[in-house]
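Only one structure is covered here, and it is reproduced in the block below.
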There are 2 protein chains.
Amino acid sequence: MPTYARLVTGASVDVLEPGSAPWWHAHSERLRRRRPRAGGLTVERIVDEAIDLVDAEGLEALTVRALTARLGTSSATLYRHVASVEELLVLVIDRVLGDIELPDPDGSGRERTMQLAIEFRRVLLEHPGVVPALRASPLLGPNALRSAENGLTNLVDAGYPPAVAIQGYLAIVDYILGSAFFDTAGVVDRRPDRVSGGGADLDPSFFAAQRAAIDGVTGEDVFRFAVTALLDGLAAAS
Amino acid sequence: MPTYARLVTGASVDVLEPGSAPWWHAHSERLRRRRPRAGGLTVERIVDEAIDLVDAEGLEALTVRALTARLGTSSATLYRHVASVEELLVLVIDRVLGDIELPDPDGSGRERTMQLAIEFRRVLLEHPGVVPALRASPLLGPNALRSAENGLTNLVDAGYPPAVAIQGYLAIVDYILGSAFFDTAGVVDRRPDRVSGGGADLDPSFFAAQRAAIDGVTGEDVFRFAVTALLDGLAAAS
DNA sequence: ACCTGAACACCGTTCAAGT
DNA sequence: ACCTGAACACCGTTCAAGT
């Protein structure tokens, strides 16, 4: 049984849910023990190539065969570095979240909250194809935790009592993810037969259409408006 | 070429994007022309069975073969009633949205807004497995439009200027969908090997875990809090 | 006129057999 | 010690052949 997880981390490990806290722990252990050969395949190269593929052709184009063809190996080889597609998606997500630049620490808590929200959204919209995978696992990777910690700190620094800060944080994150999720609908499917179809089959999403119909109201406008409203509501609840 | 769409609505129709406005138009035409035999398969039966299957075993269990086995026919038969799985999902979504009960018209605009939001969320959480399919197409089905119209009317009746009402509506809908989306993560995957695993592989999502960690703060609490905050922010922007 | 067995071109994943 | 061709058990979808 030469599955990767069994070989490297013991038979019990492939039971761990990819993206769970114990899985992340086992994963970092795994990476530490790696002694990659020059020119050989690495998890990093696999994840980078996967993101490029999804950005170019959408999530449904991310198949083991397509990815390994790009990497110049056979599909079976992938499984020496990654236990499953599910695991690959978990790594892709945290990699993307690593692009989030934390806000200038000199700003006020409220300014930093807005900055982080906009930056979070920016990163997600930069990789629309990846967005649906956000839900496939809890966001417990190192990059996810780094942003979460910063987000909570910003709200506490803004002066909200901890209980309010937590609720506000959860509400804002749900909103960021929800808005990114639905603002990227329709952008993601890049199957050639759709793109070349023209007209009706390129129908944007309902919400995008509504926004476009209202002069000057962009997804970004609604986003700033909503986050501001949430922050004001937070103040009222304190 | 006996594909359903070609047979009934003409060769150009199977180019229509399922869930788009022209597709919905063609679909209602199609249903009007149907003269179903007694005991025969109907789109309604297919959709009902699909929802039952997804509720019981999750979205990834919804395969043509599994569904037609439940319906007592062969997989090929499904394609006489539905053009593709994508189309089936569009019908499933609008069917679920049909469960939304519109708020008591005697309430104030603000009360109705909150009622509709909570009811929308309730329906989505009742069918956690279908939630990810919400993004697969624009929400332009008859039931989706019915709720959207009500939602906008409620905000206008609450006294917000139309421009504010629209932005508020979009923000609230994004939030409802986002919160349902992430609150149902982890609940959806009911593959037997996961459910029986116990412990680590049942890890709830990050946000659910955080909520559970804070005594008495439920997803519902955060939801009411966030919608209230958005409404208050709306008032401030008017 | 309706239904379907068998096939097609895909998936993710495994493993015996190569080097 | 690492890689991979070929296979396995699935997908969604099609269509010739049945009734």
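Just the heavy atoms: all of them, side chains too, but no hydrogens, waters or symmetry mates, feed the values below. Naming convention: chains lettered A, B, ... in sequence-line order (proteins, then strands); numbering from 1 in each chain. All values derive from a computational prediction rather than experimental measurement.
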Going by side-chain hydrogen bond (donor to acceptor under 3.5 Å, both in side chains), name the residues that satisfy it together with A/E126, two or more places apart in sequence or in a different chain.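 So A/E126 forms a side-chain hydrogen bond (donor to acceptor under 3.5 Å, both in side chains) with A/R122.
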Residues that A/S74 engages under side-chain hydrogen bond (donor to acceptor under 3.5 Å, both in side chains), provided they are two or more places apart: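 Only A/T77 meet the side-chain hydrogen bond (donor to acceptor under 3.5 Å, both in side chains) criterion with A/S74.
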What integer distance in Å separates [X]:[atom1] from [N]:[atom2]?
X	N	atom1	atom2	answer
A/L71	D/dT4	CG	P	11 Å
B/L41	C/dC3	CG	P	8 Å
B/L78	D/dT13	CG	P	9 Å
B/H81	D/dT14	NE2	P	16 Å
B/L67	D/dT13	CG	P	12 Å

Checking B/H81 side chain against B/I46 main chain: does a donor-acceptor pair fall under 3.5 Å?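 Checked: no pair found.
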With respect to the phosphate group of C/dT4, does any side-chain polar atom (N or O) of B/T77 fall under 4.0 Å of OP1 or OP2?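 The answer is yes; a side-chain N or O of B/T77 sits under 4.0 Å from OP1 or OP2.
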Can you list every pair that meets salt bridge (charged side-chain N to carboxylate O under 4.0 Å, His left out) and has a residue in residues 62-74 of chain A, with sequence neighbours left out?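 Output for this query lists A/E49-A/R70.
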Applying salt bridge (charged side-chain N to carboxylate O under 4.0 Å, His left out), can you list everything that pairs with [X], at least two apart in sequence or on another chain?
X	result
B/D48	B/R95
A/D99	none
A/E101	none
B/E149	none

Under a 4.0 Å heavy-atom criterion, the protein footprint on nucleotides 5-12 of chain D, written with B, S and -, is B-B---BB
Note every stem involving DNA chain D: at least three consecutive Watson-Crick or G-U wobble pairs, i with j then i+1 with j-1, with both distances under 3.5 Å.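 Stems (3+ consecutive pairs) listed as C:4-8 with D:12-16, C:12-16 with D:4-8.
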